[in-house]
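Have a look at the structure below, then the notes.
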Amino acid sequence: MFITLEGGEGVGKTTQQPLLAEQLRQEGYACLCTREPGGTALGKTLRDLLLHGDPFTPLAELLLYAADRAEHVSKVIGPALAAGQVVVCDRFTDSTLAYQGYGRGIDLDLIRQLNRWVTGGLQPDLTLWLDLPPEVGLGRARSRSSGVVELAVQSTNEQEDLEFHRRVYCGFETLAAAEPQRIVRVSAQGSPAEVAARIWLVVKPRLAHRNTIANVD
């Protein structure tokens, strides 16, 4: 099963990913955690450029994310799924649509076509959209920057103005409305434990359903 965590800045994806992975392992599932960008050696280099380098043009930024995703699917996600693991990925194609499409204004059809090309048509089985108002998420992200090595320099996304993040939020909202069976909205308000409990209430029945189908087959 392929699960992705999505949302704007500061929603808690990095916190929730290991909590979900631990719950999965306690239930007996082999689980791989990965992220975009940064899930491969190439991805780590691109992540450093995207987070801490000089701003790129929107098209160049889109193509860098696409290069990372092509490598990631081929070398990490695809093999793990083929081996029967549950893959939990911090960001995937929906982030590209939300940030580069709705946020930066690149044509959505172009992004979808590029996503299909670099992933070979791979889509998540379940996407958890951690929903938090952009004002709150940005406050969280910026307050933690000085205490986290990776965010010692604010990422390009965090430096964008509030209106950009509102467009990104509306993008996630639109995507969730268009694919309600795949994209499930989860409130990111509250403690990490409270959010983790909400996530598990979504994930557990999906896993049970897939297991039932597999047993019938």
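Computed over heavy atoms, backbone and side chain alike; hydrogens, waters and symmetry mates excluded.
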Exercise for the section: Compute both the distance and the angle, then confirm whether Arg104 meets the cation-pi test with Tyr99: under 6.0 Å from the six-membered ring centre, within 45 degrees of the axis. Expected result: no

Practice task
Decide whether Ile111 and Tyr169 are clustered together by the hydrophobic rule: side chain heavy atoms of Ile, Leu, Val, Met, Phe, Trp, Tyr closer than 4.5 Å, transitively.
Solution key: yes

Practice task
Ignoring hydrogens and angles, tell me if any N or O in the side chain of Arg25 forms a donor-acceptor pair with the backbone of Cys31 under 3.5 Å.
Solution key: yes

Practice task
Could you tell me whether the side chain of Pro133 reaches within less than 4.5 Å of the side chain of Gln189, counting heavy atoms only?
Solution key: yes

Problem - Expected output: side-chain Gln16 to main-chain Lys13 donor-acceptor under 3.5 Å - result: no

Handout entry: Leu128 reachable from Leu201 in the ILVMFWY side-chain graph, under 4.5 Å edges
Key = no

Practice task
Say whether Glu6 and Ser95, considering side chains only, have a donor N or O and an acceptor N or O under 3.5 Å apart.
Solution key: yes

Exercise for the section: Give me the one residue out of Gln123, Arg69, Glu36 that meets side chain to side chain contact (heavy atoms under 4.5 Å, CB included) with Thr93. Expected result: Arg69

Handout entry: Value rounded to 0.5 Å, distance of CG in Asp68 from CG in Leu49
Key = 11.5 Å

Handout entry: CZ-CG distance between Arg47 and Leu64, expressed to the nearest 0.5 angstrom
Key = 13.5 Å

Handout entry: Hydrophobic cluster membership, Leu122 vs Leu114, 4.5 Å side-chain cutoff
Key = no

Problem - Ile3 and Val87, any side-chain heavy atoms less than 4.5 Å apart - result: no

Problem - Any donor-acceptor pair under 3.5 Å from Arg140 side chain to Gly10 backbone - result: yes

Fill in the blank from the handout: OG1 (Thr45) and CD (Glu71) are apart, to the nearest 0.5 Å, by 10.5 Å

Exercise for the section: Please tell me if the side chains of Val184 and Thr127 come closer than 4.5 Å, counting only heavy atoms from C-beta onward. Expected result: no

Practice task
Determine, using the 4.5 Å side-chain heavy-atom cutoff (strictly less than), whether Ile77 and Met1 are members of one ILVMFWY cluster.
Solution key: no

Problem - Side-chain heavy atoms of Leu207 within contact of Tyr29, under 4.5 Å - result: yes

Exercise for the section: State plainly whether the residues Glu173 and Arg185 are in salt-bridge range, i.e. N to O under 4.0 Å. Expected result: yes

Handout entry: Heavy-atom neighbours of Glu179 CD exceed 12 at 6.0 Å
Key = yes

Handout entry: Heavy-atom side-chain contact between Leu19 and Val195 under 4.5 Å
Key = no

Problem - Stepwise ring pair (Phe, Tyr, Trp, His ring centres under 6.0 Å) test for Phe2 and Phe92 - result: CA-CA 11 Å; Phe2 183 24; Phe92 197 59; 5.0 Å; yes

Handout entry: Validation row: Tyr65, Leu62 side chains within 4.5 angstrom (heavy atoms)
Key = no

Exercise for the section: Mind running side chain to side chain contact (heavy atoms under 4.5 Å, CB included) on Arg112 and Asp109 for me, showing each step along the way? Expected result: CA-CA 5 Å; Arg112 289 189 176 98; Asp109 288 336; 3.8 Å; yes

Completion exercise
Rounded to the nearest 0.5 angstrom, the CG-CG distance for Leu32 and Leu24 is 11.5 Å

Problem - Interatomic spacing from CZ in Arg167 to CZ in Phe172 - rounded to 0.5 Å - result: 14.0 Å

Exercise for the section: Output yes when Arg166 and Glu135 qualify as a salt bridge under the 4.0 Å nitrogen-oxygen rule, no when they do not. Expected result: yes

Practice task
Please tell me if the side chains of Asn115 and Leu97 come closer than 4.5 Å, counting only heavy atoms from C-beta onward.
Solution key: yes

Practice task
Verify side chain to side chain contact (heavy atoms under 4.5 Å, CB included) between Asp90 and Thr34, making sure each step is shown before the conclusion.
Solution key: CA-CA 6 Å; Asp90 180 346; Thr34 189; over 6 Å; no

Problem - Full working for side chain to side chain contact (heavy atoms under 4.5 Å, CB included) between Asp125 and Arg206 - result: CA-CA 9 Å; Asp125 299 298; Arg206 295 292 186 104; over 6 Å; no

Exercise for the section: Heavy atoms only: give me the nearest Gly103-Val168 pair and the separation to one decimal. Expected result: CA-CG2, 4.1 Å

Exercise for the section: Output, in order, the C-alpha distance, side-chain angles, deciding distance and verdict of side chain to side chain contact (heavy atoms under 4.5 Å, CB included) for Trp129 and Val186. Expected result: CA-CA 6 Å; Trp129 170 35; Val186 177; over 6 Å; no

Handout entry: Flag, side chain of Arg35 to backbone of Cys89, donor-acceptor distance under 3.5 Å
Key = no

Handout entry: Pairwise side-chain contact, Val11 with Asp131, heavy-atom cut-off 4.5 Å (strictly under)
Key = no

Exercise for the section: Answer with yes or no whether the hydrophobic clustering places Ile106 together with Phe164; edges join I, L, V, M, F, W, Y residues whose side-chain heavy atoms lie under 4.5 Å apart. Expected result: yes

Practice task
Give a yes or no on whether the backbone of Ala70 and the side-chain of Ser74 come within a donor-acceptor separation of less than 3.5 Å.
Solution key: no

Problem - Side-chain (Gln100) to main-chain (Leu59) donor-acceptor, under 3.5 angstrom - result: no

Exercise for the section: Would you give the length of the straight line joining atom CG of Leu175 to atom SG of Cys170, rounded to the nearest 0.5 angstrom? Expected result: 11.0 Å

